Amino acid sequence: MNVLVLGSGGREHAIITSFTNSKSVNKIYALPGNGGTSIIATNIQGDVNDFKKIKEEVINNNISLVFVGPEDPIVNGIYDFFKSDNSLKDIKIIAPSKLAGQLEGSKEFAKKFMERYNIPTAKHETFTKDNIDQSDAFLESMNPPYVLKADGLAAGKGVLIIDNLQNAKDELRSMILDKKFGDSSSKVVIEEFLDGIELSCFVLTDGKNYKILPFAKDYKKIGEGDTGLNTGGMGAISPVPFLDYKFLEKIEERIIKPTIDGIKKENMEYMGVVFIGLIKVGEDPYVIEYNVRMGDPETEVVFPRVKNDLLDLFSSMGTPKFKDIKLNISDNHAATVILVSGGYPESYEKGKTIEGLNDLSQVSVFHAGTKKKSDSFITSGGRVLAITSMGDNFELALKNSYNQINKIKFDGMNYRKDIGFDLL
Ligand code: AMP
Ligand code: GLY
């Protein structure tokens, strides 16, 4: 079959790489894709939110399955667009409906959903300009640090964690009244700070049955030892060493099952991934957030460990076959290190030539912000490359990734030298 993957990051390059190994694949298209996907698929120029253009490409290229990488088109309703169009409604689209997309698209919607199904999460209250006069009292009733979250999508930047009470009061006003994050922050959820260690849980579901993909942990901060500004992710590992059987059972019973039950009860159409951002507080799991897509860079360590034919797995969703498929997960440990442009996550330059990619061995190189330029690749984003290795343990996997990274060069290249530091 012909498939189309929407998106342009390391996540999409990793998914397309898995699809190239499928026995069912014919042609793979990426919209818009990146330098890496241009080598193993056909890139189509366009915007992931331009549904009319996507429709044209699906029809012209005889696409049978569309995998939606990023959250924006999901929250904008790409699933509903397909289902309400006669020429698209039978195409398999791996994305949840617009309604289900609100689990990521609105923090308040997600919180209310969790409340309805008793899913453990931080205590919270929602504020808008209409009840902003009550926010000071609410903040005063809480212990620092204060967690302020823009309700809507804010490209990963909408969460502030503030130690000082007065600053928290001021920031709340700046979010709501001065639109610090645009319309995303016209509503703000204030919540209790949870102190623990985070992990990423990925549940594949067609709204009826579900399968738990390998867990992963990402490293979000720019600086070594988890310091400095938040980024899209500087590295990831899978499996998660502190996830033992007992903890997994708690996650499945208290969080995954009630989440899937809630999706069913509310008749949300769901054909894709529920990404549950979890935090382990003491011995108990809490939900930090829902996302309605795969994580990036987690995908770059999760899918390399899944030995099933991924295209067959996605194609089976919504059919009786899905329930019977058993996931076949590699025991190997996977680690990825992200190479970023100098200055990222603040301003950075693009267009730097990347050298050394032909000299690498025993790693998977997933492109994120790259472009093909004649015979080489140049940088085109903040996160540039994900270098993934597999090994019997994290020490071996990471040693290999770092050895290979020594061969790669571009002007301003930066990366964390301590991915997995907390595990070894
Ligand atoms: P979110 O966009 O909701 O995932 O939040 C971004 C990051 O902020 C999370 O990955 C956590 O590191 C942190 N965070 C969010 N909510 C909380 C919370 N209630 N307690 C502690 N840290 C949090
Ligand atoms: N790595 C976190 C995310 O994809 O949102």
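Since this is a predicted model, take the numbers as computed values, not measurements. Note that ligands are numbered from 1 as they come in the structure, with each ligand's atoms numbered from 1 the same way.
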Just wondering, more than 12 heavy atoms not from [X] lying within 6.0 Å of its [atom1]?
X	atom1	value
Asp244	CG	yes
Gln362	CD	no
Lys98	NZ	no

Below 4.0 angstrom from a heavy atom of Phe193, which ligand 1 atoms are there? Numbered from 1 as shown, please.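 Listed by number with element, the hits are 20 (N), 21 (C), 22 (N).
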Protein heavy-atom contact under 4.0 Å for atom 17 (C) of ligand 1? yes
Part of Arg293 with heavy atoms under 4.0 Å of ligand 2, whether side chain, backbone, both or neither: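 It is the side chain that gets close, since no backbone atom is under 4.0 Å.
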4.0 Å heavy-atom contact, Arg11 with ligand 2: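 False for this residue.
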Of the listed options ([options]), which comes nearest to [atom] when hydrogens are ignored and any heavy atom counts?
atom	options	value
atom 21 (C) of ligand 1	Leu194, Asp218, Ile279, Val281	Leu194
atom 4 (O) of ligand 2	Thr299, Thr231, Asn291, Asp296	Asp296
atom 12 (O) of ligand 1	Lys221, Glu198, Glu289	Glu198
atom 2 (O) of ligand 1	His124, Glu191, Lys107, Lys123	Lys107

Taking 4.0 angstrom as the limit, do [X] and [Y] come out as a salt bridge?
X	Y	answer
Lys280	Glu283	yes
Glu115	Lys111	no
Asp206	Lys208	no
Lys257	Glu253	yes

Among all protein heavy atoms in this structure, tell me which lies nearest to [atom], with the distance rounded to 0.1 Å.
atom	answer
atom 23 (C) of ligand 1	Ile288 CD1, 3.8 Å
atom 8 (O) of ligand 1	Val159 CG1, 3.7 Å
atom 2 (C) of ligand 2	Asp218 OD2, 3.5 Å
atom 14 (N) of ligand 1	Ile161 CD1, 4.0 Å

For residues Tyr117 and Phe113, establish whether the separation of their ring centroids is below 6.0 Å. yes
Geometric cation-pi criterion, Lys179 with Phe181: 6.0 Å, 45°: no
Does any N or O of ligand 1 fall below 3.5 Å from an N or O anywhere on Glu192, backbone included?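 N/O-N/O distance under 3.5 Å: yes.
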